[in-house]
Amino acid sequence: MTKINDLIKNMSLEEKAALCTGAGPWTTTPIERLGVPEMTVSDGPHGVRRVEDLSDLMRESLPATCFPTASCLASTWDVELIRAVGQAIAEECIALKVDVVLGPGANMKRTPLCGRNFEYFSEDPYLAGEMAASFINGVQSKGVGTSLKHYAGNNQEYQRLSINVNMDERTLREIYLPAFENAVKKAQPWTVMCAYNKLNGYYGSESHKLLVDILKEEWGLEGFVVSDWGAVHDRVASLKGGLDLEMPGPRELRVKAVMEAVRSGELSESVLDESVRRILGIVLKAAKTPKGGKFNVSAHHALACLIAADGMVLLKNNGILPLKDPKRIAVIGRTAKEAHFQGGGSSHINPTLVDNPFIELQKLAGEASLSFAEGYPKDESFDQALIDAAVNEAKSAQVALLYLALPASKESEGYDRPDLDLTQHQIALINAVAKVQPNTIVILNSGAPVVMGDWIDGTAAVVEAWMMGQAGGGAIADVLFGKVNPSGKLAETFPNRLVDTPASINYPGENGEVRYGEGIFIGYRYYDAKQVPVLFPFGYGMSYTTFTYQNPQLSAKTFKDVDGLTVSVDVTNTGKLAGKEIVQVYVHDRKSRLVRPPKELKGFVKVELRPGETKTVSVDLDFRAFAYYHPGYKQWVAEDGEFDILIGASSADIRFIQTVNLQSTQKLPSLLRRESTLREWTEDPRGVRVLASFMTDISAQMNEMLGGDGSQFIGMDPNGFLMDMPLPGLFHFVGSSFTESPEDIVDDLLAKVHKLD
Ligand code: BGC
């Protein structure tokens with residue numbers, strides 16, 4: 001720290017301003033005079049996109065392992081594996097001379113239409129937060145930094161650079177921030193990248209509330225905040241808002257603007273110094289990790305394969321899988337030979353190797369003969385001849401494997417998806433093949449859900465293979481032939497129809513604004529609450545074996561919020577194959593003052609079991625597992641009372657429900673204010689006490705006015721009417737005999753209430 005303080009003392013104003021702006025597309029500004037080195041950053045998130053010539057923004061990058069993208073990583077529900085990916089990426093950063101990798105992405109999947117969902121983990125903040133923290137811990141354990149992005153509310157690509165996201169405080173705190181919060185608190189990312197969009201009127205690059213009040217002060221981020229590339233509009237305003245480093249550089253005008261602002265007194269130098277202090281801390285830390293050397297290409301390819309297989313989700317299987325020695329296999333689909341394994345945009349990796357799915361199949365297919373048909377064109381055009389050729393091959397085979405990937409026009413960074421459908425051609429292809437071949441298996445390479453109503457019935461099996469990374473071709477073969485027993489489960493709901501999705505009537509916004517009208521009800525929180533049927537629920541995925549759950553145990557039936565609770569259950573592999581099961585624990589608040597979702601994921605465990613083997617798994621639930629964010633108290637609140645603990649194999653397959661009693665130790669102030677209604681006063685323990693004596697009088701006057709039993713009261717139930725009146729209004733309404741004004745009376749009552757706080 002003293003070293004940093006000394007450096008700051010010795011830096012000129014120009015050097016400070018320059019340090020807060022990049023020197024190039026990927027480097028920070030060095031200060032040679034003082035021995036401050038430059039620091040190199042690269043995308044991210046599922047591999048290293050180290051552009052060879054660092055003055056280039058977009059050109060071809062150096063070869064690096066392309067790991068599966070976040071949708072697949074999250075579907076493993078395996079924090080250890082995610083940590084291992086982080087470590088491997090860090091090793092590649094070291095070899096490629098990169099100090100900070102620009103990832104992970106922890107934005108919520110508000111709508112499956114977001115073009116960039118393949119780079120994000122989940123629709124659930126708890127799961128996304130666990131994944132992000134694990135990834136960061138993995139990378140940073142090797143002395144390489146991360147950039148947790150895009151903070152916050154970047155949930156669509158449509159107008160991502162300008163749209164104003166309108167959401168209420170509770171939704172922000174409960175849905176859109178916790179993955180970031182968890183990652184910051186558990187893993188201290190070296191940097192956090194702000195989002196392009198505005199949130200409630202402020203650009204992500206200028207929001208003091210997001211960057212300083214919440215991120216740095218409340219959560220305790222020690223590192224610095226970097227802009228998304230080009231997200232800064234007003235450099236001085238962004239420094240005041242807590243944005244430490246602007247990227248990319250160089251931006252001479254910005255440096256000048258900052259210097260002028262300090263000179264004119266518009267910007268306090270201490271604000272600039274704080275950003276300098278944060279940046280220097282990380283730049284010096286990064287320099288401690290020696291860079292260079294080589295990484296183990298084949299070991300990382302093997303790791304990428306392992307993860308791809310563990311993240312694949314078996315969505316449907318009539319028993320055809322794993323394949324049982326078919327003699328003739330029709331392999332259909334251009335992506336069987338030209339793997340589609342990553343998405344378009346800044347995360348695009350130049351892979352070290354790419355598995356050819358067809359060749360990988362051949363390796364495991366033994367004596368079987370494999371034929372190939374291209375099946376569909378690269379774009380969205382239609383070519384019946386391709387379908388006819390595929391049908392021909394399918395007819396004479398025992399099984400047809402359809403490898404389907406969405407074209408770039410339907411999924412990429414930079415723009416949203418037009419719909420959730422496969423191309424018209426692909427749908428026609430599946431139906432035509434399935435008509436002649438009952439053993440039709442669809443393998444999907446998408447980064448997000450597709451709807452399947454038009455074609456799934458004719459298929460024998462469906463595998464969601466995601467944007468599976470460079471080794472995904474081998475992973476698919478492993479799953480199809482049973483070398484790997486699939487164990488991935490969905491980290492996001494697959495809806496039946498686009499119109500069923502929670503944000504559908506509030507997306508993409510208009511006139512520069514998008515309103516998160518569904519509030520806290522995104523993903524399964526919405527489908528559960530509205531009882532909307534879905535194609536495949538959150539947390540769902542099949543296996544080649546079966547698991548039973550027994551003996552659910554709780555550490556207590558009644559517990560204090562601060563003590564939390566431990567939940568355990570015995571899981572047995574009751575099938576014939578070894579496999580992995582993902583046990584999920586959800587919490588439901590039976591009664592609360594604010595509306596809550598029917599269930600929320602608060603813990604999970606992935607467990608590996610041999611046939612016949614039983615293991616006990618357990619999950620710790622802390623205060624936050626039971627709490628909701630109360631915008632009135634401006635804090636997390638866990639109310640006294642009953643909670644259901646749901647233990648399940650998916651959000652829709654709950655095996656046990658146990659009820660517990662939470663005793664709150666929180667001392668909360670009264671929220672009563674002038675506008676509070678009579679009902680609110682009677683529901684408030686302090687309010688009801690203070691009002692009690694006063695109400696005797698009021699009731700008498702009310703009775704008189706309403707003619708005793710209220711029967712003469714203009715056809716209304718007077719009670720219902722009066723209960724929802726604010727107290728001053730009520731007093732105006734009933735009281736003619738007060739000597740003080742109703743407002744003064746209420747203020748006196750409020751003072752008495754707050755004395756009891
Ligand atoms: C993306 C970031 C990325 C950056 C640098 C931006 O357009 O939103 O995720 O890290 O570019 O490539």
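For ligands, and for the atoms within them, numbers begin at 1 and follow the listed sequence.
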Answer yes or no: does an N/O atom from W229 fall short of 3.5 Å to an N/O atom of ligand 1? no
Hey, would you say the F538 and W77 ring centroids sit under 6.0 Å apart? yes
Under the criterion side chain to side chain contact (heavy atoms under 4.5 Å, CB included), which of N445, V313, L73, L444 is the partner of W466? V313
Atoms in ligand 1 flagged as close to L102, the criterion being non-hydrogen separation under 4.0 Å: 10 (O)
Taking the basic N atoms (NZ, or NE/NH1/NH2) and the acidic carboxylate oxygens, is any pair closer than 4.0 Å for R417 and E157? no
Examine the side chains of E92 and T65 and answer whether a donor and an acceptor come within less than 3.5 Å of each other. yes
State the atoms of ligand 1, each with its element, that fall below the 4.0 Å cut-off from a heavy-atom position in R49. 12 (O)
Enumerate the atoms of ligand 1 whose separation from the nearest heavy atom of D228 is less than 4.0 angstrom. 1 (C), 2 (C), 3 (C), 4 (C), 6 (C), 7 (O), 8 (O), 11 (O)
Please confirm whether M193 approaches ligand 1 to less than 4.0 Å, judged on its heavy atoms. yes
Under the criterion side chain to side chain contact (heavy atoms under 4.5 Å, CB included), which of R110, Q159, K198 is the partner of V514? R110
Tell me yes or no: between the side chains of Q470 and T352, is some donor less than 3.5 Å from an acceptor? yes
Suppose I only count heavy atoms of D43 and a 4.0 Å limit; which atoms of ligand 1 are within that range? 3 (C), 5 (C), 10 (O), 12 (O)
Under 4.0 Å from a heavy atom of K149: give me the atoms of ligand 1 that qualify, with their elements. 2 (C), 3 (C), 9 (O), 10 (O)
CA sep, side-chain torsions, deciding dist, call: R116, S346, side chain to side chain donor-acceptor pair (under 3.5 Å): CA-CA 10 Å; R116 214 173 174 182; S346 58; 3.1 Å; yes
W26 heavy atoms within 4.0 Å reach ligand 1 at atoms 5 (C), 12 (O)
Between R160 and ligand 1, which residue portion shows a heavy-atom distance shorter than 4.0 Å: side chain, backbone, both, or neither? side chain
Please list, in number order, the atoms of ligand 1 under 4.0 Å from a heavy atom of E413. 1 (C), 7 (O), 8 (O)
Which bit of M58 gets closer than 4.0 Å to ligand 1, counting heavy atoms only: side chain, backbone, both or neither? neither
Is it the case that more than 12 heavy atoms not belonging to E218 sit under 6.0 Å from its CD atom? yes
Just checking, any donor-acceptor pair under 3.5 angstrom between side chains of Q156 and D416? no
Please state which part of R116 comes within less than 4.0 Å of ligand 1, counting heavy atoms only: side chain, backbone, both or neither. side chain
List ligand 1 atoms under 4.0 Å from Y196, heavy atoms only on the residue side. 6 (C), 7 (O), 8 (O)
